[in-house]
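Predicted, not measured: the structure shown is a model, and the values here were computed from it. Each chain gets a letter, A, B and so on, in the order its sequence line appears, and its residues count up from 1.
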There are 2 protein chains.
Amino acid sequence: MRSRTEQMVARLRDLRVSTTDIEASAVVSVDGLIIASDLPAAVEGDRVSAMSAAMLSLGERIAGELGRGNLDEVYIHGDEGYVLLMASGMDAVLTVLAREQAKLGLVLLEMRRAAQDLEQLVS
Amino acid sequence: MRSRTEQMVARLRDLRVSTTDIEASAVVSVDGLIIASDLPAAVEGDRVSAMSAAMLSLGERIAGELGRGNLDEVYIHGDEGYVLLMASGMDAVLTVLAREQAKLGLVLLEMRRAAQDLEQLVS
């Protein structure tokens, strides 16, 4: 039987295979530690987790201060691709790096499915 | 003849009228000062500008650190709506508050048009 971490990594790999638009993904705790990841060698886990925690913290503050309720998702769009963050339960966030030409609707749909599955494994 | 600020406010009003999904908008300098705004009484300009500048700064850092190039846009999705930020030239950002049920594709299209028009007025 596979460990919980192995199951999470397998789910992240399934997410990457589900669309060619996803380059890397990680499940990060709200305090900025990697729980599980599927990252190419060029992407440092520590950098992904630190950026995810910083974004989550500021995103929550902004959503609250500007009357947008509780934070669900953050999309950062650069001219070379996307960073997408989505809550996975109360204690973790799913962070995805997607290509510039990504079909965003499809990526978000696959992310929502993965976030639900991962929530079961985190808790 | 209308002042440049009046023209910018008029363009922001046109943006709001273009779709019922937009509640408020502002053009903010990269250092966090309001250049022009179309905000309902319940939304404080200082809060919008401070949050925009903080988000812009972190978004640029994240896009850079995670290999996504130069920052174009940030979307923050809460369970009660969106905060959307988009560059308007090199020195300003267009920030929009949109309703939870917003048709995001349409709002972003209208924002891009407005950002281009406003860029001419800022510079």
Side-chain angles (χ1 to χ4, degrees), chain A residues 23-26 28 37 39-87 95-105 107-108 111-112, chain B residues 23-26 28 32 37 39-87 95-105 108 111-112:
Chain A
E23 292 177 37
S25 67
V28 178
S37 66
L39 304 174
V43 180
E44 283 172 46
D46 287 354
R47 202 171 283 202
V48 172
S49 58
M51 293 296 128
S52 299
M55 186 62 249
L56 198 65
S57 165
L58 183 62
E60 273 170 0
R61 171 123 195 261
I62 291 177
E65 292 264 1
L66 299 181
R68 305 296 107 182
N70 296 309
L71 186 68
D72 281 335
E73 295 162 356
V74 180
Y75 321 150
I76 295 169
H77 184 198
D79 58 8
E80 296 174 20
Y82 293 88
V83 183
L84 306 166
L85 290 99
M86 189 175 286
T95 300
V96 159
L97 304 188
R99 290 177 220 292
E100 165 52 15
Q101 299 81 6
K103 286 165 197 72
L104 200 57
V107 172
L108 291 170
M111 276 183 75
R112 282 180 200 130
Chain B
E23 292 176 36
S25 67
V28 178
S37 66
L39 304 173
V43 180
E44 284 172 47
D46 288 353
R47 203 171 284 203
V48 172
S49 58
M51 294 295 130
S52 298
M55 185 63 249
L56 197 66
S57 165
L58 183 62
E60 272 170 359
R61 170 123 195 261
I62 291 177
E65 292 264 3
L66 299 180
R68 304 297 108 183
N70 296 309
L71 186 68
D72 280 335
E73 296 162 354
V74 180
Y75 322 150
I76 296 170
H77 184 198
D79 58 7
E80 295 174 20
Y82 294 87
V83 182
L84 306 167
L85 290 99
M86 189 175 286
T95 299
V96 159
L97 305 187
R99 289 177 221 289
E100 165 52 14
Q101 299 83 6
K103 285 167 197 71
L104 199 57
L108 291 171
M111 277 183 73
R112 282 181 199 129

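- Only the backbone of A:Ala98 comes within less than 4.5 Å of a heavy atom of chain B; no side-chain atom from C-beta onward does.
- The salt bridge (charged side-chain N to carboxylate O under 4.0 Å, His left out) pairs that include a residue from residues 48-59 of chain A number zero, where partners must be two or more places apart or lie in different chains.
- Neither the backbone nor the side chain of A:Leu84 comes within contact range of chain B, judged by heavy atoms closer than 4.5 Å.
- Using a distance-only test at 3.5 Å, with no hydrogens or angles considered, no donor-acceptor pair links the side chain of B:Asn70 to the main chain of A:Asp79.
- Contact count versus chain A (heavy atoms, under 4.5 Å) is highest, among B:Ala24, B:Gly78, B:Ala87, for B:Gly78.
- Legend: ring-ring contact (aromatic ring centres under 6.0 Å, His included) pairs involving residues 47-80 of chain A, not counting sequence neighbours, sorted by first then second residue: A:Tyr75-B:Tyr75, A:His77-A:Tyr82.
- Of the listed residues (A:Arg99, A:Glu23, A:Met86), the one with the most heavy-atom contacts under 4.5 Å to chain B is A:Glu23.
- Taking 4.5 Å as the heavy-atom cut-off, the residues of residues 59-68 of chain A that approach chain B are A:Gly59, A:Arg61, A:Ile62, A:Ala63, A:Glu65, A:Leu66, A:Gly67, A:Arg68, ordered by number.
- Legend: residues meeting side-chain hydrogen bond (donor to acceptor under 3.5 Å, both in side chains) with B:Ser52, ordered by chain and number and at least two apart, are B:Thr95.
- Residue A:Glu44 does not touch chain B at all, counting heavy-atom pairs closer than 4.5 Å.
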